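Order of the sequence lines fixes the chain letters, A, B, ..., with proteins taken first and strands second; residue numbering starts at 1 for each chain. Owing to the predicted nature of the structure, the values given are computational and were not obtained by experimental measurement.
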Amino acid sequence: MAEMEVRLLDEMDIQRSIARLAHEIIERNRGVENLGIVGIRTRGVYVANRIAKEMSKISGSEMDAGVLDVTMYRDDFRSRKVGPGMQVTEIPFEIDNSTVLLVDDVLYTGRTSRAALDALMAYGRPSRVQLVVLVDRGHRELPIKADFVGKNIPTASSENVQVHMKEADGVDEVVLLRGGRRDD
Amino acid sequence: MALKSSHLLGLRDTPAEDITAILDSAVAFKEILNRPIPKVPTLRHVTVVNAFFENSTRTRISFELAEKRLSADVVNFSASASSVNKGETLIDTIRNLEAMKIDLVVMRHPLPGAHTLLTKYCDSKVINAGDGAHEHPTQALLDLMTLREVYGDFNKLRVTLVGDIAHSRVALSNIYGLTTMGAQVAVCGPPTLIPRDIEDLGVKVYYDINEAIAKSDVLNVLRIQMERQDSGLFPSVREYHQTFGVTSERLAASHKPITILHPGPINRGLELDADVADGPHSLILKQVTNGVAVRMAILYLIAGGEK
């Protein structure tokens, strides 16, 4: 079947979602004290950077997002074609006793988030971890739920949701692919 | 993209893409070593046999740590305590281990090419941890990683291997790896320890250590094996040091700092003076740290590639 692409969110939609997420995060945590932001590589990092920037604007205190590579913690290592795609994890704050905002672009099966939680624990013991996603497309295979969601997009499992970010793709948009390959 | 090669037998036929892939991954693995919990679950499903048919401390421990940091199951095997002494052949030994369900063999063997033979008769993936005077690819890769950290790339980097080139697997793997990556490689030592026709591998030869120092950015000083001093290849340890020893006096003649590598164990005062080995331009201990990271990368990429 030929691949069909539908644009679900454009640049302005994404910007509004990120601004709202930043406000919600600050509201629910009553400020930014003790908060650390970590993006899951690759596009989670860009989303995390933008949320960090937005939160810095709102709160007036400078926030930097860290980078988490979860490749080593994935549960599908045996069935995936591995490559040298590993990148360095950088966490610019003390994990112990902080509230960590774990940021990804799309929440789907929950397996990436599961791997990210394990990866995070190798760095210390956060007092709390909150999951932030730009898009929740459903179809969870593990008991994982996001604390902050930019946009809920109900999908069929034959469909695929892709977040494109200027940093990697030259454009800000969320698209729905029909008949594309399954990609988590 | 996985590696093009499914085993790591040597660097002679390892393409630049594979070397780059290993070195890139090794950077990420090095970070893992510095975490509060320096262990990842990635190779939980992999069983590795470290088969050392020749003595080794550093390489074996480095491999073992790399395997354990990746959560692989590890079995160690040394020839001195094995059925090899009862006359079992190499193929039989490994096939018996394979019958116990192993996935990967890290082997050091005194015979060059033993690893290639193994790949023909066994299903396991094979990593060469040294075969005679042939190759020692993981040592060369950790040398490359250490140099890349300092210089960024290998383009026009002048690296001279100093010492017993003829009997050194470290030298040969370094020559292959460095030339593949675009470095300018030279060797330096007494003529008796430099193989004839080595220029065919694209390396320069210096018989004068001072000239080598003047024309190099990096000296990779190889160990002079004490066992060889009775072989007549050089008159005496003392004379070797006087003629080819890397000393701070000799290095001072160079107008710029020269990076020092050594695969260890060092004979202080023989091939390398103590103050140079411990000096500011010595990367010897960084090499050891990088050894674990580069071996993790190799294990990950070899074990993870599709069979």
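In A:Arg7, the CZ atom is crowded: over 12 heavy atoms of neighbouring residues, nucleotides or ligands sit closer than 6.0 Å. Within a 6.0 Å radius of CD in A:Gln15, no more than 12 heavy atoms belonging to other residues, nucleotides or ligands are found. Residue-environment remark: CZ (A:Arg114) exceeds the threshold of 12 foreign heavy atoms within 6.0 Å. Within a 6.0 Å sphere centred on NZ of A:Lys151, heavy atoms belonging to other residues, nucleotides or ligands number 12 at most. Within 6.0 Å of atom NZ in A:Lys145, 12 or fewer heavy atoms from other residues, nucleotides or ligands are found, so the atom counts as exposed in its surroundings.
Here the side chains of B:Arg35 and A:Thr89 are in contact, with some heavy-atom distance below 4.5 Å. Looking at heavy atoms from C-beta onward, B:Ile32 lies in side-chain contact with A:Met72 at the 4.5 angstrom threshold. At a threshold of 4.5 Å between non-hydrogen side-chain atoms, the residues A:Thr71 and B:Tyr300 count as touching.
Scanning residues 147-157 of chain B against chain A with a 4.5 Å non-hydrogen threshold yields no residues.
Residue B:Asp24 holds its CG atom at 9.0 Å from CD of A:Gln87, rounded to the nearest 0.5 Å. Summarising the geometry, atom OG1 belonging to B:Thr42 is positioned 7.5 Å from atom OH belonging to A:Tyr73; distances are rounded to the nearest 0.5 Å. Atom CZ of B:Arg44 is separated from atom CG of A:Asp75 by 8.5 Å, given to the nearest 0.5 angstrom.
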